[in-house]
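The structure under discussion appears below in the form of structure tokens.
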Amino acid sequence: MIKAGLNQNELEALRRLSGEPMVQSQDFQSSSLLSSSSLGEVHSSMPIPNTPADGLLVKIECAGACYLEGKTRSKRFTPQFPGNEIAGTIHDIGNDLPNCNYTVGDRVLIVPDEDTTNTGYAEFIPVEDTARVVQIPNSVPLEVAAMLPGSALTAYAAVCSAKPHVEKLRKVKSCVNVLVVGGGGLALWTLKLAQYLIGRDCSNVRVFVADNSIDRLLTAQDHGCTDIIHWNEEDHEQYIIERTLDSCRGGVDVIIDFVGSHRSMQRSLKVLNRGLILVGGNSTSETSISLNALAAKQQSIVGIPKGNLNQLMDLLNAVADKTVEIPQYKVFPVEEANQVFEDLCECRLTSRAVFKFGSQTSSHVVDNQ
């Protein structure tokens, strides 16, 4: 079998040669990226919408950089505004809202609604269903709270779906191998939530991360994965498969695929033992799969379910109690959105990106050490 082309020592050498250490969230300072003039103009002149009679008007303070991935390189991603990761403060309360437990100025996050995730730039969001508005504990920074209903909850749902299968295999195997495909923000949350939900000291559960970007892999390595696998798309496909099997020492038992492309799915099926593939992420790609082959190898493919409100509350409480470690993230002024999306697309930005609106700054500090 072919030896893996990139090992830990080689990647550490690449890191030293680059001379660009990763920035932790608490070390972040304002970026010098070029701002978007169009966003700047909108920012200063947008009208405030009406407050629903039995709802709330939320002023957006922070929003995650959300996007859909395209099917081709020329259409690699489509930014979404305001997206599904929003946190802010209550600006106004409807006059007819019964038994109101909210006050103006409360720090809140908004549970995503498919009808409003891509309606365009906004600084205020009217919310008719107050069940979608969750108050944030004071110990949780707004920029962290914004990530929870989106990437964090998706990763939470993925780990919860994988956990029963992992626990079952742990009873019959000396070691269970889990492969996370895609080394972006979803993978970073998955690594931290696997430690929380499965156990930080589970020596017989090994979590690997595969990606085509060495920079993203280095970031994943910093977040505690067992090992990293460079899926260089310029390499021969069989070489990538053999290198993956070599790194995982005997194949993979559970795969969490946040890429969801035709190539990643076909590759995953070839490195998977009798096991489970969980598919999620924001890709719109399609693929074809032989059902006979799935049955013969006793493989299963399941979509990652949308996280529910109970899971979101558990996640929020765990973050507030500091039992879940927050992955690396960077905060940018919303006026720099165009540059941030370009950097995400070109893998120049490997941690989660969060936009900050207005001039208000958060006094909360997240310690990832």
Side-chain angles (χ1 to χ4, degrees), residues 4 6 8 11 69 147 150-167 169 175-200 202 204-233 240-241 243-261 263-273 275-283 299-305 307 324-328 347 350-352:
L6 288 171
Q8 298 280 38
L11 288 170
E69 292 187 6
M147 295 185 284
S151 55
L153 186 57
T154 297
Y156 189 104
V159 176
C160 285
S161 298
K163 183 178 179 180
H165 193 72
V166 171
E167 296 293 347
L169 288 175
C175 190
V176 180
N177 290 335
V178 179
L179 176 65
V180 179
V181 178
L186 285 169
L188 303 184
W189 272 110
T190 300
L191 292 171
K192 296 304 182 184
L193 289 169
Q195 295 172 358
Y196 168 65
L197 293 169
I198 298 177
R200 187 180 298 271
C202 289
N204 63 337
V205 178
R206 301 185 299 191
V207 182
F208 302 82
V209 176
D211 198 274
N212 63 352
S213 165
I214 290 180
D215 290 330
R216 282 201 295 251
L217 288 174
L218 287 172
T219 304
Q221 185 182 46
D222 288 338
H223 283 66
C225 64
T226 303
D227 206 349
I228 48 182
I229 306 168
H230 187 208
W231 279 8
N232 186 350
E233 299 301 333
I240 295 175
I241 293 169
R243 192 169 65 198
T244 303
L245 292 171
D246 181 70
S247 297
C248 296
R249 296 180 287 281
V252 183
D253 302 299
V254 177
I255 295 177
I256 301 175
D257 184 357
F258 290 125
V259 175
S261 69
R263 294 191 70 177
S264 71
M265 178 57 65
Q266 298 299 326
R267 191 175 297 158
S268 294
L269 289 169
K270 291 178 181 178
V271 301
L272 182 69
N273 298 323
L276 173 69
I277 299 178
L278 291 159
V279 185
N282 52 12
S283 173
Q299 297 172 330
S300 301
I301 301 175
V302 178
I304 296 173
V324 169
E325 187 177 348
I326 308 302
Q328 291 174 358
C347 300
T350 60
S351 58
R352 197 72 185 91

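Sequence positions, counted from 1, serve as the residue numbers for this chain.
Each of Ile198, Asp253, Val207 was evaluated against Val176; a single residue qualifies, Asp253, per the side chain to side chain contact (heavy atoms under 4.5 Å, CB included) test.
You'll find the side chain of Gln195 reaches within 4.5 Å of the side chain of Lys192, heavy atoms only. Proximity of Leu197 to Tyr156: side-chain heavy atoms (C-beta onward) are separated by under 4.5 Å at one or more points. The shortest distance between side-chain heavy atoms of Cys248 and Ile229 falls below 4.5 Å. The closest side-chain heavy-atom distance from Cys347 to Asp215 is not below 4.5 Å. Side-chain atoms of Ile301 and Met265, non-hydrogen and from C-beta on, do get closer than 4.5 Å to each other. Taking the side chain as every heavy atom from C-beta outward, Leu188 and Arg352 never approach each other to under 4.5 Å. Residues Phe258 and Ile304 are in side-chain contact: their nearest non-hydrogen atoms beyond the backbone lie under 4.5 Å apart. Side-chain atoms of Ile255 and Val271, non-hydrogen and from C-beta on, do get closer than 4.5 Å to each other.
Counted by atom type alone, Thr154 and Trp189 present zero donor-acceptor pairs between their side chains at under 3.5 Å.
In this structure, Leu153 CG and Met147 CE are separated by 13.0 Å, a value rounded to the nearest 0.5 Å. Atom CG of Asp211 is separated from atom CG of Asn232 by 11.0 Å, given to the nearest 0.5 angstrom. Here CD1 of Ile214 is found 12.5 Å from OG1 of Thr350. Values are rounded to the nearest 0.5 Å. If you take CG on Asn212 and CZ on Arg263, they are separated by 9.5 Å, rounding to the nearest 0.5 Å. Atom CG in Asn177 sits 8.0 Å away from atom OG1 in Thr226 (nearest 0.5 Å).
Ala162 and Val254 make their closest contact through CB-CG1, 4.0 Å (heavy atoms, listed as atom of the first residue, atom of the second, distance). The two residues Ile277 and Ser268 make their nearest non-hydrogen contact at CD1-CB, 3.9 Å. Closest approach of Ser213 and Arg216 over heavy atoms only: OG-N, 3.2 Å. Residues Leu269 and Gln299 share a closest heavy-atom pair of O-NE2, 3.1 Å. When all heavy atoms of Pro305 and Ala157 are compared, the closest pair comes out as O-CB, 3.3 Å. Nearest approach of Ala220 to Cys225, heavy atoms of both residues: O-SG, 3.6 Å.
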request  = Would you sort out whether Asp257 and Ser264 count as a side-chain hydrogen bond (donor to acceptor under 3.5 Å, both in side chains), showing the intermediate values?
outcome  = CA-CA 8 Å; Asp257 184 357; Ser264 71; 2.9 Å; yes
ask   = Is there a side-chain contact (heavy atoms from CB on, under 4.5 Å) between Thr244 and Phe208 once you walk through the steps?
value = CA-CA 10 Å; Thr244 303; Phe208 302 82; over 6 Å; no
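In this structure, His223 contributes its side chain and Thr219 its backbone to a donor-acceptor pair below 3.5 Å.
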